[in-house]
Amino acid sequence: MKKVFTTALMAVTVSAVALTGCGAKKEETKPAASASPAASSAASAAPSNNSGKDFKIGMVTDIGGVNDKSFNQSAWEGLQQLKKSTGVNVKNLESKSDADYTPNLNQFVKDGYNLTWGIGFLMGDALKTVATQNPNAKLAIIDNVVEAPNVESVTFSEQEGSYLVGVVAGLTTKSNKIGFVGGIDIPVIKRFEAGFVAGVKAVNPNAKIQINYTGAFDKPDLGKAAAATIYNDGADIIFHAAGSTGNGVFNEAKDRAKNGKKVWVIGVDKDQSLEFGDEVTLTSMLKRVDNAVARVSKDVIDNKFQGGKNVTLGLKDDGVGLPETSKKNVTADILKKVDEYKAKIISGEIKVPETP
């Protein structure tokens, strides 16, 4: 059973930008109720009606670390914003390997935290174990579905947002060669790949796309090496979905820019132009992990937490998409095309594949 995000999703963040796993099949969510940007902004700035000062929310990262510039960092920023608006106590524990998942989750549960987050697909088995052993504890997970009455799961339709950045790449490339750098080969990353390739092919069927999986979310050196290979083969745009490994893709692009070579990177999860600059960031595929983490956590404070639920967020829920900063490097004509394809995806005219 899935729970639908409405404009309350945006009520727990300062950002008014409403744009950007698991292998289980996801049901369609109902369209979110509409709200004006001004209303959303005002709601996000308003203080909470329920004080969170007596609540504790814990977050366990996957191996990418909390400062990965994308996925984990986005989740932590969601909790930081909730702390500002409600006074809730928040803490994170970083996992250096998968052996840390269970003890880190258990530490929050044993310390009496009101909600414990597992961030990432790789946390699924550990969170299931901890939830089963502690039926009175409340837990939540991003990017995987854990079937348990005390767990709320949040997944995303990454393929939909990736399709849109694929449209951008397909219409922007000058070499007709494009790359994709993935982290670990798991269902959520395959959704990124599938959507991206479909979007490129929809507008540029002659483009060649080179795929490279590094096997890691925490190895920038591997991302840099993968990017170097792809750029050397003539690609001028790379989309990464690789956590902090993707930082290496940006580093390679920046090194080439210093030498007068024009190449682009499409960021992931966050608006990565804010971290890596407009010189090499074409756009980003936003995945609103921050909003999702904040909303579910706020539900705990408001006594509205619903365990046993799975929420799936796509374009129609403003769960994925492109940032406003896309206007800096993406032409108005291409952004118009992006809007056209977005409307077709939301209406169901286009069904974006979840697997390559």
S.K.: Grab the two heavy atoms, one from Lys270 and one from Ser74, that are nearest each other, plus how far apart they are.
M.R.: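 Shortest heavy-atom separation between Lys270 and Ser74 comes out as CG-CB, 3.8 Å.
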S.K.: Assess whether a salt bridge exists between Asp290 and Arg288, defined as any Lys/Arg side-chain N lying under 4.0 Å from an Asp/Glu carboxylate O.
M.R.: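 Salt bridge flag = yes for Arg288 with Asp290.
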S.K.: Got a second to check how far Asn92's CG is from Asn67's CG, nearest 0.5 Å?
M.R.: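 These two atoms lie 8.0 Å from each other.
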S.K.: Using the salt bridge (charged side-chain N to carboxylate O under 4.0 Å, His left out) criterion, which residues pair with Lys224? Sequence neighbours excluded.
M.R.: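 Per chain and number, Lys224 pairs via salt bridge (charged side-chain N to carboxylate O under 4.0 Å, His left out) with Glu252, Asp255.
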S.K.: If you look only at pairs with a residue in residues 103-124, which of them pass as a side-chain hydrogen bond (donor to acceptor under 3.5 Å, both in side chains), with sequence neighbours excluded?
M.R.: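 Listed once each, the pairs are Ser95-Asn104, Trp117-Ser297.
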S.K.: Report, one line per pair, each donor and acceptor closer than 3.5 Å where one atom sits in a side chain of residues 120-133; sequence neighbours left out.
M.R.:
{"residue": "Lys128", "atom": "NZ", "partner": "Glu147", "partner atom": "O", "Å": "2.4"}
{"residue": "Thr129", "atom": "OG1", "partner": "Asp125", "partner atom": "O", "Å": "3.1"}
{"residue": "Thr132", "atom": "OG1", "partner": "Lys128", "partner atom": "O", "Å": "2.8"}

S.K.: For the residue pair Phe276 and Phe250, categorise the inter-ring angle as parallel (less than 30°), tilted (30 to 60°) or perpendicular (more than 60°).
M.R.: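 Ring orientation of Phe276 relative to Phe250: parallel.
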S.K.: Quick one: NZ on Lys208 to CG on Asp233, what's the gap to the nearest 0.5 Å?
M.R.: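 Answer for the NZ-CG pair, Lys208 versus Asp233, is 10.5 Å.
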S.K.: Going by salt bridge (charged side-chain N to carboxylate O under 4.0 Å, His left out), name the residues that satisfy it together with Lys327, two or more places apart in sequence or in a different chain.
M.R.: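 With sequence neighbours excluded, Lys327 shows a salt bridge (charged side-chain N to carboxylate O under 4.0 Å, His left out) to Glu324, given in chain and number order.
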S.K.: Looking only at side chains, do Asn72 and Asp62 share a donor and an acceptor under 3.5 Å apart?
M.R.: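 Looking only at side-chain atoms, Asp62 and Asn72 do form a donor-acceptor pair, the distance falling under 3.5 Å.
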S.K.: Excluding sequence neighbours, so at least two apart, what forms ring pair (Phe, Tyr, Trp, His ring centres under 6.0 Å) with Tyr341?
M.R.: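 By the ring pair (Phe, Tyr, Trp, His ring centres under 6.0 Å) rule, Tyr341 matches Tyr163.
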S.K.: Answer with yes or no whether the side chains of Thr281 and Ser273 bring together a donor and an acceptor at under 3.5 Å.
M.R.: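 Side-chain D/A pair, Ser273 to Thr281: absent.
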S.K.: About how many Å separate CE of Met59 and CD1 of Ile119, when rounded to the nearest 0.5 Å?
M.R.: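 The CE atom of Met59 is 5.0 Å from CD1 of Ile119, to the nearest 0.5 Å.
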S.K.: Using modelled atom types only, decide if a donor and an acceptor are shared between the side chain of Glu354 and the backbone of Arg191 within a distance under 3.5 Å.
M.R.: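 It does not hold such a pair.
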S.K.: Is Phe196 reachable from Trp264 through a run of I, L, V, M, F, W or Y residues, each pair having side-chain heavy atoms under 4.5 Å apart?
M.R.: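 Same hydrophobic cluster.
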S.K.: Residues two or more places apart in sequence or in another chain: which of them pass side chain to side chain contact (heavy atoms under 4.5 Å, CB included) with Lys190?
M.R.: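 Scan of Lys190 (side chain to side chain contact (heavy atoms under 4.5 Å, CB included), adjacent residues dropped) gives Asp185, Glu193, Tyr213, Pro356.
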S.K.: With a 4.0 Å cut-off, would you call Lys298 and Asp302 a salt bridge?
M.R.: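 Between Asp302 and Lys298 there is a salt bridge, with a charged N closer than 4.0 Å to a carboxylate O.
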S.K.: Any Lys/Arg nitrogen of Glu152 or Lys138 sitting under 4.0 Å from an Asp/Glu carboxylate oxygen of the other?
M.R.: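 Salt bridge: no.
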S.K.: For Glu340, I'd like to know if atom CD has over 12 heavy atoms of other residues, nucleotides or ligands within 6.0 Å.
M.R.: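 It does: Glu340 CD has more than 12 such atoms within range.
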S.K.: Determine the minimum heavy-atom distance between Ile266 and Ser284, stating which atoms define it.
M.R.: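 Shortest heavy-atom separation between Ile266 and Ser284 comes out as CG2-CA, 4.2 Å.
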S.K.: If you look at every heavy atom in Ser153 and Val146, which pair is closest and at what distance?
M.R.: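 Where Ser153 meets Val146 most closely, the heavy atoms are OG-N, 3.1 Å.
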S.K.: Decide, yes or no, whether a salt bridge links Lys328 with Asp278 under the criterion of side-chain N to carboxylate O below 4.0 Å.
M.R.: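 Yes, this pair counts.
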